[in-house]
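Contents: one structure, followed by commentary.
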Number of protein chains: 2
Amino acid sequence: MSGQRGRNAGGGATGGDGARPGRPTIRQVAEAAGVSVATVSRVFAGSAAVSAELTRRVHEAAGRLGYAPHVVAQSLASGRSNIIGILVPNLANPHFYSLIKYVLHDAARDGYQVLVADSDESPAAERELGLSLLRRADGLILSAPRSGPATFREFVAEGRPVLMVDRKIDDPVMSSVVVDAFGAMRDLLQHLAGLGHEHLAYLHGPARSWQEQERWRAVRGFRRQGLRVDELTATESLDDGRRVADEVLATGCTAVAAYNDLAAISLVGALAERGIRVPEDVSVTGYDDIPFGRFMAPPLTTVRAPQRDVAAAAWLAMRGLLEGQRPGARTVLSAEPVIRRSTGAPRPAAGAR
Amino acid sequence: MSGQRGRNAGGGATGGDGARPGRPTIRQVAEAAGVSVATVSRVFAGSAAVSAELTRRVHEAAGRLGYAPHVVAQSLASGRSNIIGILVPNLANPHFYSLIKYVLHDAARDGYQVLVADSDESPAAERELGLSLLRRADGLILSAPRSGPATFREFVAEGRPVLMVDRKIDDPVMSSVVVDAFGAMRDLLQHLAGLGHEHLAYLHGPARSWQEQERWRAVRGFRRQGLRVDELTATESLDDGRRVADEVLATGCTAVAAYNDLAAISLVGALAERGIRVPEDVSVTGYDDIPFGRFMAPPLTTVRAPQRDVAAAAWLAMRGLLEGQRPGARTVLSAEPVIRRSTGAPRPAAGAR
DNA sequence: TTGTATGCGTTATCAC
DNA sequence: GTGATAACGCATACAA
């Protein structure tokens, strides 16, 4: 027998005035309303037409007993949980929780709850967490996944919709929503080149990130224009600015393009500690346009990732998949540079500081 | 019949070589291993001693068939879902997702998944989302809830553990983990008073927040020391800085204590736009010590809320409750001011700017 | 439109 | 230590 066994004893023979405790079941409501359990089920699911009279009686009885459907039992019987999972590589980055916040709201409006998991940049954790989410959830949103195609196929093999956000994928069994980072990053660097910068440093992001690859591809492209581009590596945390600042200064560059705002913000802070002025001594750009970039001194030049649109597109796609649409759809959104005051013309001559 | 009807046909009479598709069930594993379903269940649950030989055979068969327990069926039968819910008032505030991130990890380590919901500061939404989470989850963590005791009792009436974070509660049916904001805020203002400030403005937070009430209580206390304290209202978003900045300037105060870092950051940004220098013209303090406060110019003087400890205490308490501990425990943590450079001595004379 | 009967995949009780 | 089996609470094919 089960754990809650005996909670709703009686009820059968003597007429429903048996044990009182615990939540009422659909059976008790049916009895109280003088209808079958199927009718109660239909009334609550809206799945089939029920006469006005019986609908009224069911609602009356349910209200009186304080009945609410048991979601776990519904899930077992129907095969749907009305839960979706969302897996991100780093919950500490505002970029990701802005996605989560919006998806949460859109999903709630459609009656879905959201299981959240954070892989902390670990492909192995991502695989495990993804599979774990897929046991519960009707679908999974993978935001900027760090693992590879083999893992994705394992996910899909679970038989539930998987949606990739910010990761290009050729496999037709998965849909995706991506932001075109290449174009936006190219435009951002065009802005730097236009200011007269000829020597850049790029702060790499996580190597397994598709967005990182796209952003770097755009930066690399400027080498062909004769610009010098040095490569450094940022981290996902805010605490690493000092090391990076020293490395940046060692390159002698006049501008730094960071993989994302977190790295840029941390760098600007560390530069300020050293008395280096931004943008007078060195220009700095970020990517994402997280809310705090506006409040730095100087306000950060960056690229605005349209997270509201990404989230909306993601939920729209996921809902479609849940309703049985064929997977494989690709949504591409574009981002745009936001020029603030962390970028300016390069200092006139070397050694000016 | 059910939605997945027919997925695992055959199996009974003819000996298990029936339909192949779909996930294997415990019954198929039992058959393949030549044991009963009860034994398979015990092996996977570790709930009772099973001989080494049978354990081996079960694992072998399960591995061969690719069996994994069906979590929804487990939930229905056991009455436990291994899911907890966490409900916050505003996911856009780093203060809250830092709590979420830590709880997520601690819970995952114990095999729990986490449903996240965001009430957007609405008590009505909080009630609805809380009840909704409680249908699925084994327990609910309420972070800084905005609704009242009546709602909390509804939550508790669902028969599952409810843990309050950052909200004092006298009801012995609920446990709580709170940070002593009063003491920390008092210390922070002592710092301001020590610098010579005699005229403060306080930026109120959400009225329904217990933390707001405690912080304000500490600020109000300084009136008895002869300090002048003007009251203004901040918002939870970063976008309202300009209005607040004008109101702050109108008071003529020499220091501003904001309810939280978000409000302080936004205020400093708006003041900078107006050419007002911090801390030379006006000192500003925040509360929470979100990561970005360190990277503002000037770095923000604030109070460090020990979120790692709060999260650890919260999960510890929740796990205890899930294991059947009696509710009612109170954990109180303390916070400390972090003096950075957004505070300084007041400008010597009025009208100096 | 409504009711009946069965199955969803497990857990846990009881007898051995 | 192991097996048989009744719940867990609901959805749904099918009959009426």
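This one's a predicted model, so the numbers in the text were calculated from it and none came from an experiment.
Counting only residues at least two apart or on different chains, the salt bridge (charged side-chain N to carboxylate O under 4.0 Å, His left out) pairs with a member in residues 37-57 of chain A are A:E53-A:R56, A:E53-A:R57. Legend: ring-ring contact (aromatic ring centres under 6.0 Å, His included) pairs involving residues 28-66 of chain B, not counting sequence neighbours, sorted by first then second residue: B:F44-B:Y67.
Taking atom NE2 on B:H70 and atom P on C:dG7, their separation rounds to 17 Å, with Å as the unit. Atom CZ in B:R136 sits roughly 15 Å away from atom P in D:dG9 (whole-Å rounding). The CZ atom of A:R135 sits 15 Å away from the C1' atom of C:dT10 (whole-angstrom rounding). Going from atom CD1 of A:I26 over to atom C1' of D:dT12 covers 11 Å, rounded to whole Å. One atom, CG of B:L76, and another, P of C:dT10, lie 12 Å apart when rounded to the nearest Å. Residue A:L65 contributes atom CG, which lies 14 Å from atom P of D:dG9 at whole-angstrom precision. Rounded to whole Å, the distance from CZ on B:R56 to C1' on D:dG1 is 17 Å. Taking atom CG of residue A:N82 and atom P of nucleotide D:dC10, one finds them 15 Å apart after rounding to whole Å.
OP1 or OP2 of C:dC8 has not a single side-chain nitrogen or oxygen of A:S75 nearer than 4.0 Å. Listed pair A:R80 / D:dT12 meets the phosphate criterion, a side-chain N or O lying under 4.0 Å from OP1 or OP2. Taking 4.0 angstrom as the limit, B:Q74 places a side-chain polar atom (N or O) nearer than this to OP1 or OP2 of C:dT11. A sub-4.0 Å separation between OP1 or OP2 of D:dC8 and a side-chain N or O of A:R23 is absent.
Checking each of A:I100, A:D106, A:I86 against A:V114 for a side-chain contact (heavy atoms from CB on, under 4.5 Å) leaves exactly one that passes, namely A:I86.
In the displayed structure, B:R167 atom CZ is contacted under 6.0 Å by more than 12 heavy atoms of other residues, nucleotides or ligands. Around atom CZ of A:R160, more than 12 heavy atoms belonging to other residues, nucleotides or ligands sit under 6.0 Å away.
For the helix from C:dT1-D:dA16 to C:dC16-D:dG1, the rotation axes defined at the first and last 5 base pairs enclose an angle of 30°, given to the nearest 10°.
Remark: the backbone N or O of B:Q74 is paired with a side-chain donor or acceptor of B:S78 at under 3.5 angstrom.
Salt-bridge formation is not detected for the pair B:R146/B:D120: no Lys NZ or Arg NE/NH1/NH2 atom is positioned less than 4.0 Å from an Asp or Glu carboxylate oxygen. Salt bridge A:E31/A:R27: absent, no basic N to carboxylate O contact under 4.0 Å.
Within residues 32-46 of chain A, the residues approaching DNA chain D are A:A38, A:S41, A:R42, by heavy-atom distance under 4.0 Å.
Within 4.0 Å (heavy atoms only), A:V72 reaches no atom of the nucleic acid at all.
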Solution key, residues 134-142 of chain B side-chain donor-acceptor pairs under 3.5 Å, sequence neighbours excluded:
{"residue": "B:R136", "atom": "NH1", "partner": "A:S75", "partner atom": "OG", "Å": "3.2"}
{"residue": "B:R136", "atom": "NH2", "partner": "A:S81", "partner atom": "O", "Å": "2.1"}
{"residue": "B:D138", "atom": "OD1", "partner": "B:S81", "partner atom": "N", "Å": "2.8"}
{"residue": "B:D138", "atom": "OD1", "partner": "B:S81", "partner atom": "OG", "Å": "3.1"}
{"residue": "B:D138", "atom": "OD2", "partner": "B:S81", "partner atom": "N", "Å": "3.1"}
{"residue": "B:D138", "atom": "OD2", "partner": "B:N82", "partner atom": "N", "Å": "2.7"}

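Closest-nucleotide positions on DNA chain C for B:A68 and A:T55 were compared, and the one nearer the 5' end corresponds to A:T55. The residue among A:S47 and B:L54 whose nearest nucleotide of DNA chain D lies closer to the 5′ end is B:L54.
Looking at residues two or more places apart in sequence or on another chain, you find no salt bridge (Lys or Arg N to Asp or Glu O under 4.0 Å) involving A:R326.
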